[in-house]
Amino acid sequence: MPQIRELGAADIADAEVLSAEAFGRAPNPTATPMPGARYLGAFVADQLAAKLTLREYHSHFHGTTVATCGIGGVTVAAEHRGAGLVRELFPYAFELAREQGAVVSGLFPSATGIYRGFGYETITDEREMTVDTADLASATGPGRHEVRVRRAGLDDVERVRECYDRWGASHNGALTRRGPSFPADDQAVLDGVTSIFLAEIDDHAVGYCSWQRGQGFGAEAQLRIVDLVSTDADVTAALLRTVGSFAMVAPRTRIRASGSDPTHWLRRAGQSDQGRPSSYQLSILDVPAAFGVLPPPPVTATDLTITVQGRHGLASVPGRYRLSIDPSVGVGAERLGEAERLGESGSSDEPTFSPRGLAVWWSGAVGMAELRLAGLVEGPTEHDAVLEAIVPRRAVRILDHY
């Protein structure tokens, strides 16, 4: 049996060699532990054979923020692949995450099927699409606002963060970009890009576009939009037009995006090369806490019992749960109410979710009809309308790959 333990500073060099081999880069001999990160390893005969990284995050879901364990850097030495070391690592990782208060866990899988046995399922994607820069120059909004675009300076970085906070709060899934896993240094925000265009309405910052110029000019030159953050069509169009002014020297622009692309409705051609998406998967680690953050639904008072059944990395997740819903209590309150675990097994007369189905449903990514078509929920359909009301649909997007 492998020995599973948390890695210390003395193990980082060996972990770096494993990562470099797996992800095709040169090892960094000066690698040090990342802020907000914990490392877990599986040892065989005292040699590091597999490892993963846990990142401390918070994510926006349902109008609030949720403690999130980001999993990255999952690596198994070639000679130990197929020995089940990943299956050994994840239960330990989940327990560490729960100790830190994590309610959900997210990851960008190298292959989506590997992690489904730990309750993960895809809720959105992250990708880079490529468009003609000239197409951006014609972007047009409804014309309700007069938008001014200028370059952001060091004194504007907190305003940029606040724009991102508002954007993140209007979606499900986006990381908060606050806390130990993100730099608090304002200069570091500017150093990572060529510049940031800040959009203002009546001197109020309402959106931004961070971008990298790239090398050269002419037919092969490209510009890259790192973040396009806005919750208003006129603001989005103004930022796109500003980037579009580079059309003569950088004919193509890559835009980092997630989920649906709202910009194509604002552009004249609206066409793009979508690129290869990276799936983003979610797993629920604490079911009562996850339901406790949901807003009170517009339904009559009821107690609804559901079952979660199937494989997961935590034995405490599968089971039977009672959702106590009372909108009259919700008046003046902000959250759903109580979600109580009743025991290990449920009834065939209750809606039964797989752990994967639970994650997708709770994320707001899809509704009950899609979940049933995918076999992620089974059982009677009579409660589907209430279940739809309990978890409101919302755009699911993320702009941080880890």
Side-chain angles (χ1 to χ4, degrees), residues 1-16 18-19 22 31-44 46-59 61 65-77 80 83-110 114-121 173 175-176 178-182 280-290 292-293 308 310-319 341 355-356 358-359 362 398 400-402:
M1 291 291 292
Q3 177 195 8
I4 309 295
R5 65 170 173 83
E6 192 166 355
L7 304 183
D11 301 304
I12 296 300
D14 290 339
E16 173 65 14
L18 269 188
S19 291
T32 57
M34 294 182 292
R38 299 174 75 175
Y39 303 85
L40 196 64
F43 290 79
V44 176
D46 295 327
Q47 297 294 315
L48 181 63
K51 59 90 179 176
L52 57 76
T53 305
L54 299 84
R55 302 294 302 276
E56 183 181 339
Y57 296 123
H58 278 75
S59 302
F61 278 100
T65 60
V66 178
T68 302
C69 171
I71 299 289
V74 182
T75 309
V76 181
H80 294 287
L85 296 181
V86 171
R87 290 195 301 273
E88 299 285 342
L89 280 171
F90 266 84
Y92 282 84
F94 284 170
E95 291 291 351
L96 285 176
R98 282 288 300 273
E99 288 175 8
Q100 288 188 297
V103 176
V104 299
S105 176
L107 58 76
F108 288 92
S110 54
I114 294 174
Y115 303 100
R116 285 174 168 165
F118 308 113
Y120 287 99
E121 193 49 84
L175 303 188
T176 63
R178 305 279 180 165
S181 294
F182 289 95
Y280 184 61
Q281 294 188 318
L282 191 77
S283 181
I284 307 294
L285 304 185
D286 187 334
V287 178
V293 307
V308 180
R311 291 189 301 158
H312 192 281
L314 285 173
S316 59
V317 170
R341 190 173 191 271
R356 297 159 50 207
L358 179 74
W362 180 87
I398 186 169
D400 295 287
H401 197 108
Y402 53 84

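All values below were derived from every heavy atom in this structure, side-chain atoms included, with hydrogens, water molecules and symmetry-related copies excluded.
Heavy atoms only, all atoms of each residue included: L285 and A97 are closest at CD1-CB, 3.9 Å. The two residues L54 and C69 make their nearest non-hydrogen contact at CD2-SG, 3.8 Å. A49 and V44 get closest at one heavy-atom pair: CB-CG2, 3.9 Å. Considering all non-hydrogen atoms of both residues, A42 and L89 come closest at N-CD2, 3.8 Å. Taking both residues in full, the closest heavy atoms of S59 and T68 are given as OG-OG1, 2.8 Å, listed atom of the first, atom of the second, then distance. Across every non-hydrogen atom of S283 and A359, the tightest pair is CA-CB, 4.2 Å.
Taken from CZ in F94 to CD in E99, the straight-line distance is 14.0 Å, to the nearest 0.5 Å. Within the model, atoms CD of E56 and CE of M34 stand 12.5 Å from one another, a figure rounded to the nearest 0.5 Å. How far CD1 of I4 is from CG of L40: 6.5 Å, rounded to the nearest 0.5 Å. To the nearest 0.5 Å, atoms CG (L175) and CD1 (I398) are separated by 4.0 Å. Interatomic distance, CZ of F90 versus OG of S105, reported as 7.0 Å (0.5 Å rounding). Here CG of L7 is found 8.5 Å from NZ of K51. Values are rounded to the nearest 0.5 Å.
Qualifying salt bridge (Lys or Arg N to Asp or Glu O under 4.0 Å) partners for R87, counting only residues two or more places apart in sequence or in other chains: none.
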message: Pair I12, T32 - check side chain to side chain contact (heavy atoms under 4.5 Å, CB included), show working.
response: CA-CA 7 Å; I12 296 300; T32 57; 5.9 Å; no
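Two residues are said to be in side-chain contact when any heavy atoms from C-beta on lie closer than 4.5 Å; V293 and V103 fail this criterion. In this structure the side chain of L107 never reaches within 4.5 angstrom of the side chain of F118, judged on heavy atoms. Taking the side chain as every heavy atom from C-beta outward, Y120 and I71 approach each other to under 4.5 Å. Using a 4.5 Å heavy-atom threshold, the side chains of S316 and R98 count as touching. Y57 is not listed as a side-chain neighbour of D400, based on a closest heavy-atom distance of 4.5 Å or more.
Applying side chain to side chain contact (heavy atoms under 4.5 Å, CB included) to V74 and the options I114, V86, L85 leaves one that passes, V86. Shown are Q281, H312, E121; of these, the side-chain hydrogen bond (donor to acceptor under 3.5 Å, both in side chains) with R116 is made only by E121.
Around OH of Y92, the count of heavy atoms belonging to other residues, nucleotides or ligands within 6.0 Å does not exceed 12.
Between the side chain of W362 and the main chain of I284, no donor-acceptor pair closer than 3.5 Å is present. In this structure a side-chain-to-backbone donor-acceptor pair under 3.5 Å is missing from R341 to V287.
Classified by interplanar angle (parallel below 30°, tilted 30° to 60°, perpendicular above 60°), the ring pair Y402/Y280 is perpendicular.
Residue pairs meeting the side chain to side chain donor-acceptor pair (under 3.5 Å) criterion with at least one partner in residues 1-10, sequence neighbours excluded, are R5-D11, E6-R38.
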